[in-house]
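To start, the structure under review is shown below, and the notes come after it.
Convention: sequence-line order gives letters A, B, ...; per-chain numbering from 1.
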2 protein chains.
Amino acid sequence: MEKNLLYKRRIVKHLYFGNMLSCADLSDKIHKSIPLTTKMLGKLMEEGMVTETGYAASTGGRRPVMYSLKQDIMYVVSVAMDQLVTQIAILDMQNRNVTDIELFELPLTKNPNAPAALAEKINEIITRSGIPKNKIAGVGIGMPGFVNSVKGINYTFLETDGYTISQYIAGKVKLPVFIDNDSRLIALAELKFGAARNKKNALVINVGWGVGLGMILEGELFRGHDGFAGEFSHIPLFLNNKLCSCGKSGCLETETSLLIVIEKASNGLKNGKLSMLKEKELSADHPEKAFQNIVTAASKGDKFAVEILSEAGYNIGRGVAILIHLLNPEAVILSGRGSSAGKIWQAPIQQALNEHCIPRLSVNTEIAVSVLGYNAELTGAAALVMENYEREEARPLIYENKPDVFI
Amino acid sequence: MEKNLLYKRRIVKHLYFGNMLSCADLSDKIHKSIPLTTKMLGKLMEEGMVTETGYAASTGGRRPVMYSLKQDIMYVVSVAMDQLVTQIAILDMQNRNVTDIELFELPLTKNPNAPAALAEKINEIITRSGIPKNKIAGVGIGMPGFVNSVKGINYTFLETDGYTISQYIAGKVKLPVFIDNDSRLIALAELKFGAARNKKNALVINVGWGVGLGMILEGELFRGHDGFAGEFSHIPLFLNNKLCSCGKSGCLETETSLLIVIEKASNGLKNGKLSMLKEKELSADHPEKAFQNIVTAASKGDKFAVEILSEAGYNIGRGVAILIHLLNPEAVILSGRGSSAGKIWQAPIQQALNEHCIPRLSVNTEIAVSVLGYNAELTGAAALVMENYEREEARPLIYENKPDVFI
DNA sequence: ATACTTTTCTAAAAAAATTAAAAACATATT
DNA sequence: AATATGTTTTTAATTTTTTTAGAAAAGTAT
């Protein structure tokens, strides 16, 4: 790639993540000198990508001119999948939805048609939005399973014979496609826009059906050798003989997943536990709703609901204690769909840390609840696209003349 | 620092780690162009630091000239401490001992005189070697405890009022001093010269009195936010109610440390277990020897000894299973003093992984035994000094005129 | 043996980083 | 209140570094 283009793309990328930055800030971030950065900013302004947005307050000397991306220069398609439901949105350079968030059912298990359905839906939404493809930086997809983001492969779901899922969707949509594990994208969102912003070492717990983990180590999203790092759900922590979905027993997930929480609540009610919760509110058919009902009851002070949630929180805390011993993070952030229960969980997790952590380690670790919450995964998917924006593959144009599916 | 000096130091550093490298290799490693690297190599040769060591075999084109460090241009003082015994050696640029390894007792617990004794001994050994201080790149020290390598602080041992232990020793010895946790230095040794060489993600288990861990993540030694990462010994894994030295119960260490292994062997014999081991061979006064005796017996096929070791190995394996789930490394290396039992432990660890790991994760992880073995910590201490060689503090000269202890 | 490829090495041209100086602002002093 | 001093950003001139192109020294295939 031409070098000037690379530098310009880096600047665009950092303006996306930083929103408003001075020339000095940018020079720092792209590791280039100020004169060169000035030159590139000039070109970007000529091209209409970037605008001056006035002066920032002085910090003791001359006030710096601030630069921002223009509103409508580029968009990202964000996709957040779980095993049953998929969400799609188109975000602008301020992470604002320019379309409504599209929500539709797309079961991933035993569904050979899933990749085709996904590609079709993405195309449909792009077409409907009326945004030309050359204004779309790419498609970012968060999905469950064993995902190798670099290779673009999902080893668990979305099988596409002969191609990786990234290649398949890219071929159909004719845009660059980037994928990663859902929990890792949530961590990326927290790193770039959330509670882990500017932190060098932070762990993001994704409380959902399972308990996911995304790790920020030395300022970077950590993926491990094959891209499988963060399998927190399945660390062998209990001797409870409960069989886990992974085939082993005693996994953390067997005591902490939302489904277990609902099951425990349901069983408790059957055994005559006193609670404002009603059995029909805990239907296994609508786990999302069932969980929300438990959280609502707990936040209203329902003792049984608090008890059930605390138990799960305490067990997550035992797992977090292990993480802290191993990785010595500065913060642990509770995020993902279950983070609505975050406030309730903070106490029992802290309790577990007090019991199971060497004090020197736990006192230096802040336990925080995400503010991104439900939207974290979509934000993370957009961030993934922009992370890769400076890479060769990120150029929409090269896809225009490619066949439907290419290698 | 002058820029040329920086580049030259980088080249020296990489020649230390790489032993023999071509100009193109070096250009790659120091991230500078070939013409500039050529120029710097020329200067280093003029100064007598570097020599050409003939041509390497061709890989399809013109043969590259290889460069090496001259033998006697520089040395490193390596110190490897445990809670009772300290080893000191002076190594040359090929990691060869130029003095015998000095071994002396230096208890760290309740010994306010330890820092002074250490400094004195280091000075004594340097003086005896006859090597001038300006030929010594620095002192590297591996020590147990909570060590922040960047700040040069040991929070557990070697208290020196008002100064960090690094500052204290540096002031007394008048050489730059670098410290780190013993397990992390072993990992560094394995990364630079051992079984983890050229690996990007590897975990190094230091089997000693406790079970230490050094992590290589994305090609770098990982230290965590406060420098306390790798507290593998104290992850809460058992519900055994055994009190650990750290004050908690159920730590991994309570089932796997060498002392526990010896105790179990001793108790077994008392209860009439059949073995070639004799009780007097397991004296708690000489744990090092006692452990070696168990290993010897096991390698001769003694069933009881194998059983005892396997049990510990299996429990370590349970911990390793957690590590693999979280960090997805490409290799796990058994190193440190207990690595003489490495071969015996490989089987039970693998067994634990088969039981407790998701297959996709464990099949991609190689379990290897160190070849550096007993010397790993000393090698790591030297590597630590040379890692920092390009940094400003690494210049011996600035220490010459400083007072005994400085800030 | 000769043509072609590959890699290293060297010299001239282009690019980028430093350095120095100027401009714009904040704070302290007279 | 006016002036001096210290910061920080911006611009211009100089130096450093990289890129590019080509020569030299090998290996490989015809």
Side-chain angles (χ1 to χ4, degrees), chain A residues 1-15 18-47 49-69 198 390-392, chain B residues 1-15 18-47 49-69 198 390-392:
Chain A
M1 174 159 32
E2 192 212 342
K3 233 168 166 185
N4 277 7
L5 182 55
L6 176 68
Y7 299 154
K8 285 193 284 184
R9 280 176 177 268
R10 282 203 191 144
I11 289 175
V12 169
K13 167 177 149 177
H14 284 289
L15 285 175
N19 208 15
M20 244 175 66
L21 296 168
S22 72
C23 179
D25 294 336
L26 283 165
S27 160
D28 236 46
K29 295 203 189 250
I30 68 171
H31 304 291
K32 291 284 135 188
S33 69
I34 286 182
L36 185 59
T37 309
T38 311
K39 196 171 107 190
M40 293 302 142
L41 275 170
K43 289 190 183 186
L44 282 167
M45 286 175 56
E46 265 180 38
E47 293 166 20
M49 301 280 281
V50 169
T51 40
E52 294 188 359
T53 29
Y55 295 92
S58 165
T59 55
R62 180 170 169 175
R63 294 180 304 186
V65 175
M66 301 303 276
Y67 300 89
S68 284
L69 290 181
N198 299 323
E390 72 201 42
R391 289 175 51 207
E392 182 70 19
Chain B
M1 172 157 36
E2 192 212 341
K3 236 169 166 186
N4 278 5
L5 182 55
L6 176 68
Y7 299 155
K8 286 193 284 183
R9 279 175 179 269
R10 281 202 193 146
I11 289 175
V12 169
K13 166 176 150 177
H14 283 290
L15 285 175
N19 207 16
M20 243 173 68
L21 297 167
S22 72
C23 180
D25 294 336
L26 283 165
S27 161
D28 236 47
K29 296 203 189 249
I30 69 172
H31 303 293
K32 291 284 134 187
S33 69
I34 287 182
L36 185 59
T37 309
T38 311
K39 196 171 109 190
M40 291 304 143
L41 275 170
K43 288 190 184 184
L44 282 167
M45 286 174 56
E46 266 180 37
E47 293 167 21
M49 300 280 282
V50 169
T51 40
E52 294 187 358
T53 29
Y55 296 92
S58 165
T59 55
R62 180 169 168 173
R63 295 177 305 183
V65 174
M66 301 304 277
Y67 299 89
S68 285
L69 291 180
N198 299 322
E390 73 201 41
R391 289 175 50 207
E392 183 71 16

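- Atom CG in L26(A) sits roughly 12 Å away from atom P in dT9(D) (whole-Å rounding).
- Contact record, V12(B) with M49(B): CG2-CE, 4.1 Å, taken as the closest heavy-atom pair.
- Each of K32(A) and Y55(B) was matched to the nucleotide of DNA chain C holding its nearest heavy atom; the match closer to the 5' end belongs to Y55(B).
- Heavy-atom minimum distance, H14(B) versus L26(B): CB-CD2, 3.9 Å.
- Taking K32(B) as the reference, nothing meets the side chain to side chain donor-acceptor pair (under 3.5 Å) condition, with sequence neighbours excluded.
- Between I34(B) atom CD1 and dA21(D) atom P there is a gap of 16 Å when expressed in whole angstrom units.
- Distance I30(B) CD1 to dT17(D) C1': 12 Å, rounded to the nearest Å.
- Comparing dA17(C), dT19(D), dC9(C) by their closest approach to the side chain of K3(A) singles out dT19(D).
- With distances taken from any side-chain atom of P64(B) to the nucleotides dT8(C), dT10(D), dT18(C), the minimum falls on dT8(C).
- Ranking dA16(C), dT17(D), dT8(C) by closeness to the A24(B) side chain, first place goes to dT8(C).
- A donor-acceptor contact under 3.5 Å is formed by the side chain of R62(A) with the base of dT9(D).
- Listed by chain and residue number, nothing satisfies the side chain to side chain donor-acceptor pair (under 3.5 Å) test with K29(A) (two or more places apart in sequence, or in another chain).
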Shorter than 3.5 Å, N or O on both sides, protein versus nucleotides 27-29 of chain D: list them out with atom names.
none

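- To the nearest 0.5 Å, atom OH of residue Y7(A) and atom CD1 of residue I30(A) are 8.0 Å apart.
- We find that CG of D28(B) is positioned 13 Å from P of dT7(C), with the value rounded to whole Å.
- Taking CD1 of I11(B) as the start and CD of E390(B) as the end, the distance is 11.0 Å to the nearest 0.5 Å.
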N/O donor-acceptor pairs under 3.5 Å from side chains in residues 35-46 of chain A, not counting sequence neighbours:
unit_1 : atom_1 : unit_2 : atom_2 : d
T37(A) : OG1    : S33(A) : O      : 2.7
T38(A) : OG1    : I34(A) : O      : 2.6

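- Distance CG (L6(B)) to C1' (dA17(C)): 15 Å, rounded to an integer number of Å.
- In this structure the side chain of E52(B) reaches within 4.5 angstrom of the side chain of Y67(B), judged on heavy atoms.
- Atoms CG (L36(A)) and C1' (dT17(D)) sit 13 Å apart, rounded to a whole Å.
- Residues satisfying the side chain to side chain contact (heavy atoms under 4.5 Å, CB included) criterion with R63(A), sequence neighbours excluded, are Y55(A), S58(A).
- Screening residues 18-28 of chain B for side chain to side chain donor-acceptor pair (under 3.5 Å) gives N19(B)-Q94(B), S22(B)-D25(B) as the qualifying pairs, with residues at least two apart or on separate chains.
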Sort me out a list of protein N/O and nucleotides 19-21 of chain C N/O pairs below 3.5 Å, or just none if empty.
none

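- Heavy-atom distances under 4.0 Å link DNA chain D to no residue of residues 38-47 of chain B.
- Distance, H31(A) NE2 to dA16(C) P: 16 Å, rounded to whole Å.
- Residues passing the side chain to side chain donor-acceptor pair (under 3.5 Å) test with E47(B) are K8(B), sequence neighbours excluded.
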